[in-house]
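A short worksheet on the structure shown next.
For the numbers below, each heavy atom of this structure counts, side chains included, while hydrogens, waters and symmetry mates do not.
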Amino acid sequence: MGRNLQNGARLRPVDLARGHGLSTQAIRNYEDAGILPAADRTPHGYRTYTPLHAQALRAFLALVPGHGHRTATSIMQAVNRGATEDALRLIDESHAQLLDDRRTLQAVEAALRDLAPVPQERGDTFVGPLARRLGIRPATLRKWERAGLVRPRRDPQTGYRIYSAADVRDARLAHQLRRGGYLLEQIAPLIAQVHSAGGVAPLESTLRDWHARLSARSRAMLTGAAALDAYLDCRPAPPGDEPGTRSP
C-alpha cells in the first residue's frame, strides 16, 4: 500500500463538508452508510475526520457521475470493509453495462438506417401479407400488438387488422431489433419515441444526445477510477499485508 493518511490532520464534519459543497448532515449520512470509514470520536462524542476521509469522499463523489449513486455507494462500502475484489467486480459490471448500452445504440441506429420509407401508394396491408414480407408468423405480429409495438386499426365490418405505412415501419423496426436479440420490453420505449418524435428522422438529435451521454459517462468512469485508485493507495494495509508479512 502507499501513503497512510489515517493519522493526518484532524477535520471537523463542517471542514469536510465545506470543502465539497455539502452539508454536515450529508457527511454524517455518508459515514453511516459506509461510504466513508468510521470516524474517531472526541471524549465529548464529536466526530473527527482525517485526510483519508477526505480522499474517500472525493472518490465517492467522482464515482457517482459514471456509476450512479447506488453502485458508487456499493463500491465504497466494499472498499471500506476490505473487500476490494468486490469493489472491482462492481466497476467491471458498470463497464459491461456501458458496453451493452453502446451496442444497443448501434443496433438502434442500424435498424433505423434500414427503415426505408414505405411508399404511400402501397396503401394499407393485412396481417398475412405483412407477416410474409417480414418472414415471420402472423401470431408474432399479434404478440407485438399485445406488447404495444404495433397498433393496427380494425376494419369496422370484418374486424381484420389493417396496418398503415406507419404500422409497417414500426413492425420492421421491431423485427430488426428482435433479430438483434432485444426483448419486447426494451423495444417498446423506442417505438413510443418514434411516435412522439413524429417519425424516424427527428430521432437523429436524440441519437446524438444518446452518444453524448454515453461518452460523458465513459469519461466520468475514468475520473472515478483515478480518484478511487488514489483512495486505495492511501488506505492502510490490511492485516497480514504489511511489508515482511506476506507468505513466500
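Transitive grouping of hydrophobic side chains (ILVMFWY, heavy atoms separated by less than 4.5 Å) keeps I162 and L130 in distinct clusters.
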### Message
side chain to side chain contact (heavy atoms under 4.5 Å, CB included), that's the test. Do M76 and Y30 meet it? Break it down for me.
### Response
CA-CA 10 Å; M76 294 303 297; Y30 287 162; over 6 Å; no

### Query
Run the side chain to side chain contact (heavy atoms under 4.5 Å, CB included) check on V150 and R161 step by step: do they pass?
CA-CA 11 Å; V150 291; R161 293 172 172 82; over 6 Å; no

### Test log, rule salt bridge (Lys or Arg N to Asp or Glu O under 4.0 Å), inputs R89 and E85
CA-CA 6 Å; R89 176 182 54 78; E85 289 296 322; over 6 Å; no

### Task
Take H67 and L90 through the side chain to side chain contact (heavy atoms under 4.5 Å, CB included) test and state the conclusion after the steps.
CA-CA 9 Å; H67 298 272; L90 290 167; over 6 Å; no

Let me have the donor-acceptor pairs involving side chains of residues 14-23, under 3.5 Å, with sequence neighbours excluded, atom names and distances please.
from: D15; atom 1: OD1; to: R12; atom 2: NH2; distance (Å): 3.0
from: D15; atom 1: OD2; to: R12; atom 2: N; distance (Å): 2.9
from: D15; atom 1: OD2; to: R12; atom 2: NE; distance (Å): 3.2
from: H20; atom 1: ND1; to: L16; atom 2: O; distance (Å): 3.1
from: S23; atom 1: OG; to: A26; atom 2: N; distance (Å): 3.0

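Under the rule for a salt bridge (Lys or Arg N to Asp or Glu O under 4.0 Å), R132 has no partner lying at least two apart in sequence or in another chain. Residues passing the ring-ring contact (aromatic ring centres under 6.0 Å, His included) test with H69 are F60, sequence neighbours excluded. Shown here are the salt bridge (Lys or Arg N to Asp or Glu O under 4.0 Å) partners of D86, two or more places apart in sequence or in another chain: R81. Every residue meeting the side chain to side chain contact (heavy atoms under 4.5 Å, CB included) condition with L184, not counting sequence neighbours, appears here in chain and number order: K143, W144, A147, L149, R178. With sequence neighbours left out, D32 forms a salt bridge (Lys or Arg N to Asp or Glu O under 4.0 Å) with R47. Looking at residues two or more places apart in sequence or on another chain, you find a side-chain hydrogen bond (donor to acceptor under 3.5 Å, both in side chains) between R153 and D124. Scored by the side-chain hydrogen bond (donor to acceptor under 3.5 Å, both in side chains) test, R28 finds Q25 as partners (sequence neighbours excluded).
In the hydrophobic clustering, L183 connects to no other residue, as no ILVMFWY side-chain heavy atoms lie under 4.5 Å from its own.
Of all non-hydrogen atoms in G82 and R235, the two that sit nearest each other are N-NH2, 4.5 Å. What you find for L141 and V127 is that their closest heavy atoms are CD1-O, 3.6 Å. Across I27 and P13, no two heavy atoms sit closer than the pair CG1-O, 4.1 Å. The two atoms that bring P138 and A131 nearest to each other are N-CB, 3.7 Å, heavy atoms only. When all heavy atoms of A56 and L36 are compared, the closest pair comes out as CB-CD2, 3.9 Å.
At least one donor-acceptor pair under 3.5 Å links the side chain of N80 to the backbone N or O of G34. Between the side chain of Q55 and the backbone N or O of C234, no donor-acceptor pair lies under 3.5 Å. T42 places a side-chain N or O within donor-acceptor distance of the main-chain N or O of Y46, the cut-off being under 3.5 Å.
In this structure, CG on D209 lies 10.5 Å from NE2 on H211, to the nearest 0.5 angstrom. How far CG of L134 is from OG1 of T140: 10.0 Å, rounded to the nearest 0.5 Å. The distance from atom CG of L173 to atom CD1 of I187, rounded to the nearest 0.5 Å, is 7.5 Å. A distance of 10.5 Å separates CZ of R103 from CG of L98, quoted to the nearest 0.5 Å.
Residue pairs meeting the ring-ring contact (aromatic ring centres under 6.0 Å, His included) criterion with at least one member in residues 79-111: none, sequence neighbours excluded. Sequence neighbours left out, not one pair with a member in residues 61-73 passes salt bridge (charged side-chain N to carboxylate O under 4.0 Å, His left out). Screening residues 215-226 for side-chain hydrogen bond (donor to acceptor under 3.5 Å, both in side chains), with sequence neighbours left out, gives D101-R217.
For the pair L228/I91, a side-chain contact is recorded, criterion being any heavy-atom separation below 4.5 Å from C-beta on. Between T48 and R41, the closest side-chain pair of non-hydrogen atoms is not below 4.5 Å. Within the 4.5 Å cutoff, side-chain heavy atoms of R133 are placed close to those of T125. Side-chain contact between H53 and L11: absent, with no pair of heavy atoms (C-beta onward) separated by less than 4.5 Å.
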